[in-house]
Asker: 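There's a structure below that I have some questions on.
Model, not experiment: these values are computed from the prediction. Residue numbers start from 1 in every chain, and the chains themselves are labelled A, B, ... in the order their sequence lines are given, proteins ahead of strands.
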There are 2 protein chains.
Amino acid sequence: MPEDKSEFLKGTLDMLILKIVALGPIHGYAISQRIQQISRDFFQVQQGSLYPALHRLENRGLLGAEWRATETGREAKFYSLTKKGRKQLDAEMASWERISDAVALILRTAE
Amino acid sequence: MPEDKSEFLKGTLDMLILKIVALGPIHGYAISQRIQQISRDFFQVQQGSLYPALHRLENRGLLGAEWRATETGREAKFYSLTKKGRKQLDAEMASWERISDAVALILRTAE
DNA sequence: CATATACGCCTAGAACAGCTAGGCGTCAAG
DNA sequence: CTTGACGCCTAGCTGTTCTAGGCGTATATG
């Protein structure tokens, strides 16, 4: 019986990525670092989750991509939020609020 | 493009079920009604999600099951929380707190 | 009387997200 | 020279959920 080591709420990754990108253009590798850092090492985004997610979001027109050079001189794919992505982020954040409220409602039900 | 109608956070269903059952022995059909009712019609548990979930939980030894009669005289399968299920529920609730806190942390990050 | 609706259980199949576990190439440090 | 960080990627498995059916009984409604 395997314990769940890596905790991640399915369905929230896209939102978290959009939110990070909303802070400014950033490349994939840095996104995962940023998420991990801001969440105080709680979330660890696996690359096998990250890159497919980025491609999904790009294909859906929520992210724009552009190859540019990093501060350290490397080539990297920088993502930025499109207008559509902005809307989607807002919607998902509102949705998250409603959902987590509803969950809290149930969890705090005592008979 | 269609909005997502049915909102449900993958991975929370088991926890919600355990929580409802923790309130007292209850049968499947009533569980879905209870979840819907407590969440003020926000969550609608599909039967195709509900019953497989119940079987999973029973197989994992988190729920015990017993056929009994309803108040209205029908036969129904009443589930109750096992000791192991209680522990699991506590763990999942704690986990939910940590996760939702971490998500909130990211969502509230402003640069 | 017929038939629809609620109750109450179930399953098979598809869809989809995420993880595992690989791979590639470059550069700096030891 | 080899390890590790950087930075990208993919194929395939697993697991949860939804869709869309099915079954049987009771009660209400036309």
Asker: Extract all donor-acceptor atom pairs below 3.5 Å that involve side chains of residues 32-40 of chain A and protein atoms in other chains or at least two apart in sequence.
Answerer:
| residue | atom | partner | partner atom | Å |
| --- | --- | --- | --- | --- |
| A:Ser32 | OG | A:Tyr29 | O | 2.9 |
| A:Arg34 | NH2 | B:Glu111 | OE1 | 3.1 |
| A:Gln36 | NE2 | A:Asp41 | OD1 | 3.4 |
| A:Ser39 | OG | A:Ile35 | O | 2.9 |
| A:Ser39 | OG | A:Gln36 | O | 3.2 |
| A:Ser39 | OG | A:Phe42 | N | 3.4 |
| A:Ser39 | OG | A:Phe43 | N | 3.0 |

Asker: Whole-Å distance between C:dA6 P and B:Gln33 CD?
Answerer: 11 Å

Asker: If only side-chain N and O atoms of A:Tyr29 are considered, is one of them under 4.0 Å from the OP1 or OP2 phosphate oxygen of D:dC6?
Answerer: yes

Asker: Listed by chain and number, what are the salt bridge (Lys or Arg N to Asp or Glu O under 4.0 Å) partners of B:Glu75, not counting sequence neighbours?
Answerer: none

Asker: Using the ring-ring contact (aromatic ring centres under 6.0 Å, His included) rule, collect all pairs that involve residues 66-95 of chain A, keeping only residues at least two apart or in two chains.
Answerer: A:His27-A:Phe78

Asker: Can you name the salt bridge (Lys or Arg N to Asp or Glu O under 4.0 Å) partners of B:Glu58, sequence neighbours left out?
Answerer: B:Lys77

Asker: Quick one: list whatever passes salt bridge (Lys or Arg N to Asp or Glu O under 4.0 Å) with B:Lys19, sequence neighbours left out.
Answerer: none

Asker: Using the salt bridge (Lys or Arg N to Asp or Glu O under 4.0 Å) criterion, which residues pair with B:Arg74? Sequence neighbours excluded.
Answerer: none

Asker: Without decimals, in angstroms, what is the distance between B:Glu71 CD and D:dT27 C1'?
Answerer: 17 Å

Asker: Heavy atoms under 4.0 Å is the rule here; annotate nucleotides 10-18 of chain C 5' to 3' with B where the base is hit, S where only the sugar-phosphate is, and - elsewhere.
Answerer: BB-----SS

Asker: With rounding to the nearest 0.5 angstrom, report the CG to CG distance, A:Leu63 to A:Leu57.
Answerer: 5.0 Å

Asker: With sequence neighbours excluded, what pairs up with A:Asp90 under the side-chain hydrogen bond (donor to acceptor under 3.5 Å, both in side chains) test?
Answerer: A:Arg86

Asker: Just the rounded figure in Å: distance from P of D:dC8 to CG of A:Leu50.
Answerer: 8 Å

Asker: I'd like to compare against my own output: the B/S/- annotation of nucleotides 24-30 of chain C with a strict under-4.0 Å heavy-atom distance to protein.
Answerer: -BBS---

Asker: Are OP1 or OP2 of D:dG7 and a side-chain N or O of A:Thr72 less than 4.0 angstrom apart?
Answerer: yes

Asker: Could you tell me the separation between the CD1 atom of B:Ile31 and the P atom of C:dC9, rounded to a whole number of Å?
Answerer: 8 Å

